[in-house]
Amino acid sequence: QVQLIESGGGLVQVGGSLRLSCAPSTNTFSSHAMGWFRQAPGKEREFVAALTWSGTNTYYADSVKGRFTVSKDRPNNKVYLQMNSLKPEDTAVYYCAAKWTLGSLTTPEDYDIWGQGTQVTVSS
């Protein structure tokens with residue numbers, strides 16, 4: 001079964017940057033869309049960003065618009081989340097996910113497979 005493997009999390013100071021990566025475990029992987037979500041302690045998992053598989057369309061939560069950028073590397077099908085101007089409220093475990101069906105890109109329940117998550121901690 002295909003897996004999504006995230007990397008790139010860590011500890012960063014306020015205003016710093018991190019780039020998260022999400023790599024499928026097979027070269028033949030494809031989907032309708034890829035999404036990034038995050039979950040802070042005691043909170044529900046929330047949508048961060050998504051893009052269609054072609055990379056043509058991107059979507060962002062209002063809280064990260066202008067600071068985060070989602071992109072896809074076509075040769076190896078990796079998906080990236082570039083996070084700039086990080087704030088303490090961005091601290092969370094970040095997950096990438098893939099969905100094969102049409103519909104909402106912002107609802108976690110609509111995604112089919114998930115990565116294991118990577119911790120992002122922003123210190124003030």
* Tell me, do Cys96 and Val79 make a side-chain contact under 4.5 Å, heavy atoms counted? -> no
* **Side-chain touch Thr69/Met83, heavy atoms, less than 4.5 angstrom** => no
* **Short side-chain to backbone donor-acceptor contact, Thr91 and Pro88, under 3.5 Å** => yes
* Asked: Does anything in residues 109-118 pair up under side-chain hydrogen bond (donor to acceptor under 3.5 Å, both in side chains), and if so which pairs, sequence neighbours excluded?
  -> none
* With side-chain contact (heavy atoms from CB on, under 4.5 Å) as the test, would you mind laying out the steps for His32 and Leu102 before giving the verdict? => CA-CA 7 Å; His32 169 63; Leu102 300 178; 3.2 Å; yes
* Close side-chain approach of Arg19 and Leu81, heavy atoms under 4.5 Å -> no
* Asked: Going by heavy atoms in the side chains, are Leu86 and Leu18 under 4.5 Å from each other?
  -> yes
* Among the clusters formed by ILVMFWY side chains lying less than 4.5 Å apart, do Phe37 and Leu51 turn up in the same one? -> no
* Asked: Distance from Lys99 atom NZ to Thr52 atom OG1, nearest 0.5 Å?
  -> 11.5 Å
* Structure fact -> When every non-hydrogen atom of Tyr94 is compared with those of Ala92, the smallest separation belongs to CD1-O, 3.4 Å
* Structure fact -> Applied to residues 25-79, the disulfide (SG to SG under 2.5 Å) test, sequence neighbours excluded, yields none
* To do: For residues Glu6 and Leu20, determine if any side-chain heavy atom of one lies less than 4.5 Å from a side-chain heavy atom of the other.
  => no
* Pairing residues for Ser63 by the side-chain contact (heavy atoms from CB on, under 4.5 Å) criterion, not counting sequence neighbours -> Arg38, Ala61
* To do: Using a 4.5 Å cut-off on heavy atoms from C-beta on, say whether the side chain of Tyr95 contacts that of Leu4.
  => no
* **Residue Glu44 excluded, over 12 heavy atoms near CD under 6.0 Å** => no
* **Sidechain-backbone polar pair: Asn84 side chain, Phe68 backbone, donor-acceptor under 3.5 Å** => no
* Any chance you could lay out the side-chain contact (heavy atoms from CB on, under 4.5 Å) test for Ser71 and Gln82, step after step, and finish with the verdict? => CA-CA 8 Å; Ser71 61; Gln82 177 67 44; over 6 Å; no
* Asked: For the hydrophobic clusters of this structure (ILVMFWY residues joined by side-chain heavy atoms under 4.5 Å, transitively), does one cluster hold both Phe47 and Trp100?
  -> no
* Asked: Below 4.0 angstrom, N of the basic side chain to O of the carboxylate: do Lys65 and Asp62 qualify?
  -> yes
* Asked: Among the clusters formed by ILVMFWY side chains lying less than 4.5 Å apart, do Val120 and Leu11 turn up in the same one?
  -> no
* For Val14 against Ser124, the heavy-atom pair lying closest together -> CG2-CA, 3.5 Å
* Verify same cluster id: Ile113, Val93 (apolar side-chain graph, 4.5 Å) -> no
* To do: State, with a plain yes or no, whether a side-chain heavy atom of Trp53 is found less than 4.5 Å away from one of Met34.
  => yes
* Do Thr121 and Gln119 get their side chains close enough for a donor-acceptor pair, meaning under 3.5 Å? -> yes
* Asked: Do Tyr80 and Val48 belong to the same hydrophobic cluster, where Ile, Leu, Val, Met, Phe, Trp and Tyr are linked whenever their side-chain heavy atoms lie under 4.5 Å apart, directly or via other members?
  -> no
* Asked: So, Arg74 side chain and Ser54 main chain: donor-acceptor pair closer than 3.5 Å or not?
  -> yes
* Asked: Do Val70 and Trp36 come within less than 4.5 Å of each other through their side chains, counting heavy atoms only?
  -> yes
